[in-house]
Amino acid sequence: MERFFYCLVLCYGGLSSMSVEVELEESVGYTPIQRMRHSAAHVMAEAVQEIFPDARFGIGPAIEDGFYYDFELPRALTPDDLPDIEKRMARIVAGKYPFVRDRWPREKALEYFRDKGQVYKVELIENLPDAEVGIFQQHNFLDLCRGPHVANTGEIGPFKLMRVAGAYWRGDENRPMLQRLYGTAWFTKEELEQYLWRLEEAQKRDHRKLGRELKLFVLSEDLPAGVPMFLPRGETLRHQMESYVRETQERYGYQHVWTAHLGKVRLYKTSKHWFTYRENMFPVMQGEQETSEDDAYVLKPMNCPHHITLYKSQMHSYRELPVRYAEFATLYRYEKAGTLTGLARVRSLTQDDAHVFLRPDQIQEEFDRAFNLTLEVFNTYGLEDYWIALSLRDPQKKEDYVGSDEVWEKAENALRAAVDAKGVEYKAVIGEAAFYGPKVDFMVRDALGREWQCSTIQLDFVQPENFGLEYIAEDGQAHRPIIIHRAVTGSTERFMALIIEHFAGAFPVWLSPVQAMVIPIADRHIEYAYTVMETLKAAGVRVEVDTRSERMNAKVRDAQMQKIPYMLVVGDREAAENAVAVRLRTNENLGATPLDSFVERITDIIKTKSRDL
RNA sequence: GCCGAUGUAGCUCAGUGGUAGAGCAGCGGUUUUGUAAACCGCCGGUCGUCGGUUCGAGUCCGACCAUCGGCUCCA
């Protein structure tokens with residue numbers, strides 16, 4: 001659930017109608033660089049207007065690292081158009097035209113833009129509350145704009161147009177698609193170059209590229225889009241990741257269950273998913289004989305109904321609550337073709353899902369438990385670049401949510417208390433709660449700056465109703481439990497994408513598919529190399545021997561490029577002394593080390609999940 | 001799904017209507033090597049798929065599939 005929050009947070013200076021509310025809420029002014037970038041957007045708009053006098057203009061805000069402007073044009077822009085637009089922009093910048101601010105009465109502005117056929121501007125003005133609207137003009141371009149701008153176009157720093165993309169007007173897929181031109185702008189040439197360099201570096205750690213280079217996973221045209229397959233090394237990685245979460249959550253009191261990949265329509269009708277989520281579910285076939293819709297099979301898109309069915313199959317006393325069912329389950333969801341991205345967004349995903357069935361008085365404790373678990377896991381991975389969203393109900397729109405005020409208040413307070421107690425930073429987001437309850441989401445950024453939701457902890461008052469869940473309380477009566485849905489790493493696939501990029505493929509030893517490569521210098525050392533391998537294998541180390549008829553240099557290079565943590569070079573000296581010459585992938589050379597000491601070192605590092613070598 | 005771009009050997013890429021190329025990888029041979037690429041040779045492609053235009057299509061057109069950059073929604 002990536003949310004492009006930077007749009008909300010950083011677009012406040014644009015012409016977006018939504019920026020009105022955002023400005024009130026965020027109430028952050030333009031920083032100088034944002035002001036300059038927003039001005040660059042205006043200059044870009046003028047350049048486009050020169051080429052297409054009939055262009056219609058959308059909005060052109062500053063965003064993180066740059067700016068964009070949305071246009072409706074008589075033809076599609078291609079990357080070949082960018083140099084021309086850049087050249088025209090450069091001319092306008094060189095002209096040092098002042099940005100002239102004005103204020104027009106609404107009616108005058110409406111008339112002006114209507115007359116020009118600027119339907120998007122008209123719509124924006126119609127949504128503005130004030131009697132007067134802001135107008136900015138530079139050179140030959142006049143625009144509806146709140147500003148502020150730099151004094152003149154000459155103050156716009158080094159810029160570069162990055163790409164052209166489609167974007168629905170106001171992000172609504174029922175509205176026209178405009179052409180969005182993205183650019184970046186900086187105060188100095190050095191900053192621009194550094195930014196472009198950073199982008200290149202980020203691309204080097206793109207998990208799709210590393211996945212191919214490190215032989216982790218494969219996307220084949222012979223399989224549906226978004227259905228990755230994992231090679232031995234990738235499977236090893238995901239297995240390690242899953243085992244780790246599995247062990248950890250068992251320590252936290254979760255029990256694992258197993259449910260298959262098929263469900264029946266009726267199950268999802270009971271859970272109500274069928275009515276809102278149907279288009280995301282893969283149909284399979286009708287049930288045997290029976291042709292009613294209810295008995296048709298579908299691929300499992302989520303675990304909750306299955307875990308709930310398990311809960312319901314047994315009687316439950318208040319004493320045994322909370323019941324915590326966890327499962328690593330591969331789910332199938334039909335995601336729109338254009339949204340698929342490597343492992344970060346797939347159609348077959350493996351959730352490390354759990355459903356906790358609990359009494360109302362256990363909410364805070366259970367939230368805390370899930371929260372601690374997640375933080376512990378993040379800590380092990382050394383993840384720091386994430387933020388936490390506390391998604392709350394919009395009190396203005398209570399009708400959009402299910403559950404009483406009292407329960408919501410209790411749940412939200414419990415959640416907030418749990419987050420506050422952790423001393424971590426979080427952002428409360430009003431109106432982002434699920435309809436069935438408030439939630440906490442962990443948002444992580446990938447190498448290219450895209451945000452993805454990984455972990456989530458959600459309170460649910462609705463499914464217990466849908467399924468008529470019960471437990472027998474102290475009073476001997478049946479009471480309704482509450483459910484917490486939580487996922488620690490979210491989906492194995494997405495988290496793997498994150499981990500690959502986070503470590504740039506140089507995984508901590510415990511995660512590395514191959515932890516050590518034994519490199520015999522000449523053929524006569526192969527036998528000893530195998531001895532070394534067997535010793536390490538016996539100690540539980542994933543180790544291989546490079547027996548190819550290559551020079552040692554080539555073997556070192558290949559192991560290095562595969563980011564294998566330890567290269568164990570063995571020659572005459574090592575064989576004689578029962579030693580290995582340890583080279584780290586950091587290029588550090590530890591020299592000859594007794595095999596015993598190395599075994600001790602590597603097993604200790606694996607056991608402690610240390611990120612050191 | 002929508003807008004745009006891309007698709008040539010396992011990988012990275014060249015090839016603008018006239019006989020499909022390179023490097024790396026792979027395979028074979030020689031070399032037996034001390035910390036990031038030894039040398040020689042060979043194999044390898046219905047140019048994403050299907051259809052169309054043309055005397056002739058990797059090249060032009062269309063549809064589909066997939067990938068990439070965005071938009072929307074979701075883990």
Side-chain angles (χ1 to χ4, degrees), chain A residues 1-4 7 68 70 72-73 75-81 162-182 203 206 208-209 212-213 215 218-226 276-277 279-280 301-303 331 333-342 344-347 349-353 434 441-442 448 450 452-456 458 485 487 489-495 519-526 549-561 567-574 581-585 587-592:
Chain A
M1 192 198 300
E2 75 280 22
R3 297 248 155 83
F4 292 85
C7 283
Y68 70 79
D70 287 342
E72 186 183 290
L73 304 174
R75 69 161 173 89
L77 290 173
T78 74
D80 299 336
D81 291 313
M162 302 301 287
R163 62 180 90 96
V164 51
Y168 294 107
W169 171 236
R170 298 202 167 183
D172 182 344
E173 61 184 315
N174 298 313
R175 316 220 41 195
M177 178 159 280
L178 307 180
Q179 299 190 62
R180 178 170 295 177
L181 217 40
Y182 283 95
Q203 276 162 13
D206 187 322
R208 293 166 294 191
K209 179 177 154 68
R212 194 167 43 240
E213 290 172 356
K215 305 182 197 304
V218 169
L219 291 160
S220 164
E221 286 201 20
D222 293 330
L223 272 77
T276 55
Y277 205 69
E279 68 278 13
N280 288 76
M302 71 267 306
N303 295 305
L331 309 174
R333 299 179 177 180
Y334 184 81
E335 301 287 357
K336 289 178 189 171
T339 65
L340 303 172
T341 305
R345 188 172 205 88
V346 294
R347 287 176 175 158
L349 62 144
T350 308
Q351 268 192 345
D352 60 346
D353 208 0
D441 294 319
F442 286 65
L448 301 176
R450 291 176 285 221
W452 305 89
Q453 182 195 318
C454 289
S455 319
T456 186
Q458 311 181 347
H485 307 240
T489 58
S491 87
T492 299
E493 290 78 10
R494 176 175 298 174
F495 203 71
I519 298 176
I521 290 176
D523 286 353
R524 64 177 182 279
H525 307 122
I526 287 179
S549 167
E550 287 285 352
R551 292 177 60 217
M552 178 205 58
N553 296 281
K555 297 179 186 180
V556 166
R557 178 171 190 271
D558 290 344
Q560 188 86 41
M561 293 210 304
M567 283 148 271
L568 308 176
V569 177
V570 295
D572 292 330
R573 292 203 294 275
E574 289 74 19
V582 181
R583 180 198 163 97
L584 309 181
R585 69 178 164 213
N587 286 329
E588 196 181 344
N589 196 338
L590 303 184

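Per chain, numbering begins at 1; letters A, B, ... match sequence-line order.
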Practice task
Establish, with yes or no, whether the OP1 or OP2 oxygen of rG69(B) is under 4.0 angstrom from a side-chain nitrogen or oxygen of R450(A).
Solution key: yes
Exercise for the section: Select base, sugar-phosphate, or nothing to describe what R573(A) touches, counting heavy atoms under 4.0 Å on all strands. Expected result: base
Exercise for the section: Scan R583(A) against the nucleic acid and name what it touches under 4.0 Å (heavy atoms): base, sugar-phosphate only, or nothing. Expected result: base
Exercise for the section: Output all residues satisfying side-chain contact (heavy atoms from CB on, under 4.5 Å) with K336(A), sequence neighbours left out; order by chain, then residue number. Expected result: E173(A), T339(A)
Exercise for the section: For S549(A), report the nucleic acid contact type (base, sugar-phosphate, nothing); a contact means any heavy atom under 4.0 Å. Expected result: base
Handout entry: Residue M561(A), side-chain heavy atoms: nucleotide from rG34(B), rA36(B), rG70(B) that is nearest
Key = rA36(B)
Practice task
Sort out the partner of rC73(B) for me: Watson-Crick or G-U wobble, both distances under 3.5 Å, none otherwise.
Solution key: none
Handout entry: CG on D81(A) to CG on L181(A), rounded to 0.5 Å
Key = 8.5 Å
Fill in the blank from the handout: Those residues at least two apart in sequence (or on a different chain) that pass side-chain contact (heavy atoms from CB on, under 4.5 Å) with E221(A) are none
Exercise for the section: Encode nucleotides 58-64 of chain B as B, S and - characters from 5' to 3', where the letter depends on protein heavy atoms closer than 4.0 Å: B to the base, S only to sugar-phosphate, - to neither. Expected result: -------
Completion exercise
Residues at least two apart in sequence or cross-chain that pass ring pair (Phe, Tyr, Trp, His ring centres under 6.0 Å) with Y168(A), listed by chain then number, are none
Completion exercise
note: K215(A), atom NZ; rG10(B), atom C1'; distance rounded to Å ~ 9 Å
Exercise for the section: Measure distances between side-chain N and O atoms of D523(A) and base N and O atoms of rU32(B), and say whether any donor-acceptor pair falls under 3.5 Å. Expected result: yes
Practice task
Under 4.0 Å between any heavy atoms, over every strand shown, what does N587(A) touch: base, sugar-phosphate, or nothing? Just pick one.
Solution key: base
Exercise for the section: Select base, sugar-phosphate, or nothing to describe what F495(A) touches, counting heavy atoms under 4.0 Å on all strands. Expected result: nothing
Problem - Listed partners of A225(A) passing side-chain contact (heavy atoms from CB on, under 4.5 Å), at least two apart - result: L340(A), R347(A)
Handout entry: 5' priority, RNA chain B, between V582(A) and Q351(A) [closest heavy atom]
Key = V582(A)
Fill in the blank from the handout: Taken in chain and number order and not counting sequence neighbours, the residues that satisfy side-chain hydrogen bond (donor to acceptor under 3.5 Å, both in side chains) with R583(A) are Q560(A), N587(A)
Atom pairs under 3.5 Å: protein N/O with N/O of nucleotides 39-43 of chain B:
none

Practice task
With heavy atoms under 4.0 Å as the rule, sort A581(A) into base, sugar-phosphate or nothing.
Solution key: base
Problem - SB check R170(A) D172(A) (cutoff 4.0 Å) - result: no
Exercise for the section: May I ask you to say what D572(A) touches in the nucleic acid, namely base, sugar-phosphate or nothing, with a heavy-atom cut-off under 4.0 Å? Expected result: base
Can you give me the N/O atom pairs linking the protein to nucleotides 12-15 of chain B at distances under 3.5 Å, or say none if there are none?
from, atom 1, to, atom 2, distance (Å)
rU12(B), OP1, R212(A), NH2, 3.2

Handout entry: Gap between atom CD of Q458(A) and atom CG of D441(A) - 0.5 Å precision
Key = 6.5 Å
Handout entry: Partner set under side-chain hydrogen bond (donor to acceptor under 3.5 Å, both in side chains) for D572(A), not counting sequence neighbours
Key = R524(A), H525(A)
Exercise for the section: Kindly say whether R75(A) contributes a backbone atom to a donor-acceptor pair with the side chain of Q179(A) at under 3.5 angstrom? Expected result: yes
Exercise for the section: Would you mind classifying the nucleic acid contact of N553(A) as base, sugar-phosphate or nothing, using non-hydrogen atoms under 4.0 angstrom? Expected result: sugar-phosphate
Practice task
Under 4.0 Å between any heavy atoms, over every strand shown, what does F442(A) touch: base, sugar-phosphate, or nothing? Just pick one.
Solution key: nothing
Handout entry: Length of the CD1-P vector between I519(A) and rU33(B), whole Å
Key = 16 Å
Practice task
Give one of base, sugar-phosphate or nothing for E574(A), where a contact means two heavy atoms less than 4.0 Å apart.
Solution key: base
Restricting both atoms to N or O, compile the protein contacts to nucleotides 2-9 of chain B shorter than 3.5 Å, with distance only.
from, atom 1, to, atom 2, distance (Å)
rC2(B), O4', Y168(A), OH, 3.2
rC3(B), O2, G166(A), N, 3.1

Exercise for the section: Under 4.0 Å between any heavy atoms, over every strand shown, what does E550(A) touch: base, sugar-phosphate, or nothing? Just pick one. Expected result: base
Problem - Euclidean distance, atom NZ of residue K555(A) to atom C1' of rA38(B) [Å, nearest integer] - result: 13 Å
Fill in the blank from the handout: d(L77(A) CG, R180(A) CZ) to nearest 0.5 Å is 13.5 Å
Problem - Between rU19(B) and rC2(B) - P atom distance, rounded Å - result: 39 Å
Handout entry: Nearest to side-chain heavy atoms of K336(A), which nucleotide of rU72(B), rU32(B), rU35(B)
Key = rU72(B)
Handout entry: Contact nearer the 5' end of RNA chain B, comparing A344(A) with E173(A)
Key = E173(A)
Handout entry: Partners meeting side-chain hydrogen bond (donor to acceptor under 3.5 Å, both in side chains) with E72(A) (sequence neighbours left out)
Key = R56(A), Y120(A)
Completion exercise
Rounded to the nearest 0.5 angstrom, the OG-CG distance for S455(A) and D352(A) is 7.5 Å
Completion exercise
Rounded to the nearest 0.5 Å, the CG atom of L568(A) sits from the CD atom of E574(A) at a distance of 10.0 Å
Exercise for the section: Scan L340(A) against the nucleic acid and name what it touches under 4.0 Å (heavy atoms): base, sugar-phosphate only, or nothing. Expected result: sugar-phosphate
Practice task
Ignoring backbone atoms, establish whether R170(A) has a side-chain N or O less than 4.0 Å from OP1 or OP2 of rU72(B).
Solution key: no
Fill in the blank from the handout: With sequence neighbours left out, the residues meeting side-chain hydrogen bond (donor to acceptor under 3.5 Å, both in side chains) with E493(A) are R238(A), T350(A)
Problem - Pairing partner of rG51(B) (Watson-Crick or G-U wobble, both distances under 3.5 Å) - result: rC61(B)
Handout entry: Check: R557(A) side chain, rA37(B) base, donor-acceptor under 3.5 Å
Key = yes
Practice task
Check every strand shown and say whether R333(A) touches a base, only sugar-phosphate, or nothing at a heavy-atom separation below 4.0 Å.
Solution key: base
